[in-house]
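I have placed the structure first, in the form of structure tokens, so that the comments after it can refer back to it.
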2 protein chains.
Amino acid sequence: MAATETLTAERILEATEEVLRRHGPAKATVVDVARALGVSHGSVYRHFRTKAALREAVTKRWLDRTSEALAGIVADTSRDPERRLRDWLAALFEAKRHKAGDDPELFATYVVLTGEQGRAVAEHLDDLTGQLTRIIEDGVAAGVFSSDDPAATARAVFHTTGRFHDPQYAPEWKDPRTDADFAAVVDLVLRGLRA
Amino acid sequence: MAATETLTAERILEATEEVLRRHGPAKATVVDVARALGVSHGSVYRHFRTKAALREAVTKRWLDRTSEALAGIVADTSRDPERRLRDWLAALFEAKRHKAGDDPELFATYVVLTGEQGRAVAEHLDDLTGQLTRIIEDGVAAGVFSSDDPAATARAVFHTTGRFHDPQYAPEWKDPRTDADFAAVVDLVLRGLRA
DNA sequence: TGAATGACAGATGTTGAAATCTGTCATCTG
DNA sequence: CAGATGACAGATTTCAACATCTGTCATTCA
């Protein structure tokens with residue numbers, strides 16, 4: 001039985017994701033998580049100091065999955081930087097848009113979680129702008145992009161496309177104009193980037 | 001006495017702004033507004049069909065004040081389009097940042113109101129992108145900007161700078177990196193716009 | 001006669017007591 | 001003795017009775 005397996009942080013995180021999926025962020029309690037695992041809630045506190053720490057760990061896992069999917073595009077240095085940048089921005093947008101569209105309740109749950117944890121989100125954003133920085137550096141090295149501070153330019157690119165990855169705009173992603181708007185922003189930004 | 005003056009929509013709007021300022025959006029009631037004016041709440045309903053309509057009218061007034069301030073920059077065709085575009089974006093950002101910084105509670109009140117009324121906000125955004133369109137058209141005519149669809153380009157410019165005028169980002173406007181981030185975004189966008 | 005009133009029904013918000021949850025820790029168990 | 005337990009105090013949430021608000025309208029007032 002599952003209940004006889006060792007209680008690990010990993011198992012607790014999985015149970016927590018399930019409880020969050022079932023009950024939503026407002027009603028998911030540590031007691032619920034313990035009940036789902038067949039242990040006392042005191043045992044959960046052996047692995048996570050607070051409920052907030054548990055939620056942060058779940059959020060971090062979720063955010064890291066997004067980062068990993070995009071890291072592949074950054075790493076593929078065989079393709080030209082402009083192509084990679086376009087793909088990276090499109091992939092980020094599509095990933096978010098699908099999550100928001102496929103399971104709106106779960107997405108709303110994670111929006112609440114990310115809203116709680118400036119820490120984990122800030123790290124995630126640093127991670128993403130770091131990925132952008134690498135693509136832009138490659139582009140500068142290849143002579144196709146112009147930038148005297150790739151990290152600052154990466155931040156700017158990330159900011160300009162905020163409407164297409166910041167979850168607060170998720171309701172607008174269903175608007176039929178959105179694809180044209182996204183294309184217009186990416187074209188404008190890439191024009192600004194070219195050497 | 002004020003109580004003997006004719007009850008006009010204008011007077012009701014002024015009283016409503018005051019009640020919102022005093023009580024905040026959650027506790028500002030039609031009864032409060034009527035009390036402030038020394039009339040029965042039934043009289044308020046003679047001028048505004050619903051509480052939502054009253055709030056929308058207040059919101060519209062507030063948004064229109066922002067539009068008017070920026071219209072002056074659009075109208076000054078003696079200055080070159082790039083300069084006007086930079087000034088327009090900076091003026092929009094500064095206006096919002098000051099409102100958010102000077103009276104955070106009132107600003108929060110209006111954020112709640114705008115969140116309620118997609119209608120009035122959508123019109124305001126159309127108004128602002130219309131102003132941007134005119135500047136861009138002037139730039140295209142003068143040969144300094146390149147765009148085959150100034151209205152679409154205006155939307156793109158507006159979207160790229162969302163982080164610096166969308167009130168949801170207001171807390172971040174206090175971050176010391178914000179001015180550099182704003183400058184980086186505007187520079188990137190203007191590079192993309194140049195012919 | 002046209003604007004203002006206030007009583008009213010149904011919707012929404014407030015309040016405070018009871019239930020549940022968070023986080024700790026002395027105790028238990030394999 | 002490492003890990004799990006459950007009782008506990010204080011914090012937070014729930015729930016139902018009560019109060020207030022919204023929107024209508026027959027009546028009053030000037």
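Fair warning: this is a prediction, and the values are worked out from it, not measured in the lab. Naming: A, B, ... by sequence-line order, numbering from 1 per chain.
Annotation: proximity of residues 112-121 of chain A to DNA chain D (heavy atom, distance under 4.0 Å) is found for no residue.
The nearest heavy atom of DNA chain D to Gly42(A) and to Ala26(A) marks one nucleotide each, and the one closer to the 5' end goes with Gly42(A).
Side chains of Thr160(A) and Thr160(B): a donor-acceptor N/O pair is absent below 3.5 angstrom, by distance only. If you check the side chains of Thr178(B) and Asp181(B), you find no donor sitting under 3.5 Å from an acceptor. Thr29(B) and Asp32(B) share a side-chain donor-acceptor pair at under 3.5 Å.
The side chain to side chain contact (heavy atoms under 4.5 Å, CB included) search around Ala91(A) returns Leu70(A), Ile73(A), not counting sequence neighbours.
Under 3.5 Å, the side chain of His41(A) and the base of dG23(C) form at least one donor-acceptor pair of N or O atoms.
When the side chains of ILVMFWY residues are joined at heavy-atom separations under 4.5 Å, either directly or via intervening members, Val31(A) and Val39(A) end up in two distinct hydrophobic clusters.
Using a 4.0 Å heavy-atom criterion, one finds that Ser43(A) contacts the bases of the nucleic acid, with or without backbone contacts as well. Base contact: Val31(B) has a heavy atom under 4.0 Å from a base atom.
In this entry the distance linking CG of Leu54(A) with P of dT22(C) reads 10 Å, nearest Å. What separates CZ of Arg46(B) from P of dA26(D) is a distance of 14 Å, to the nearest Å. Regarding Tyr45(A), its OH atom lies at a distance of 15 Å from the P atom of dT5(D), rounded to whole Å. Taking atom NZ of residue Lys51(B) and atom C1' of nucleotide dT22(D), one finds them 8 Å apart after rounding to whole Å. Between His47(B) atom NE2 and dT5(C) atom P the separation is 11 Å, expressed in whole Å. Taking atom CG of Leu7(B) as the reference point, atom P of dC29(D) lies 19 Å away to the nearest angstrom. Lys27(B) has its NZ atom 13 Å from the P atom of dT20(D), to the nearest Å. Atom CZ of Arg35(A) is separated from atom P of dG6(D) by 13 Å (rounded to the nearest Å).
Between the Arg97(B) side chain and the Trp173(B) main chain, a donor and an acceptor come within less than 3.5 Å of each other.
In this structure, Phe93(A) has its ring center closer than 6.0 angstrom to the ring center of Phe182(A).
The side chain of Val39(B) approaches dT5(C) more closely than any other nucleotide in the set dC21(D), dG23(D), dT5(C). Comparing dG23(D), dT5(D), dA4(C) by their nearest atom to the side chain of Thr50(B) picks out dG23(D).
Not one side-chain nitrogen or oxygen of Ser40(A) sits closer than 4.0 Å to the OP1 or OP2 atom of dA4(D).
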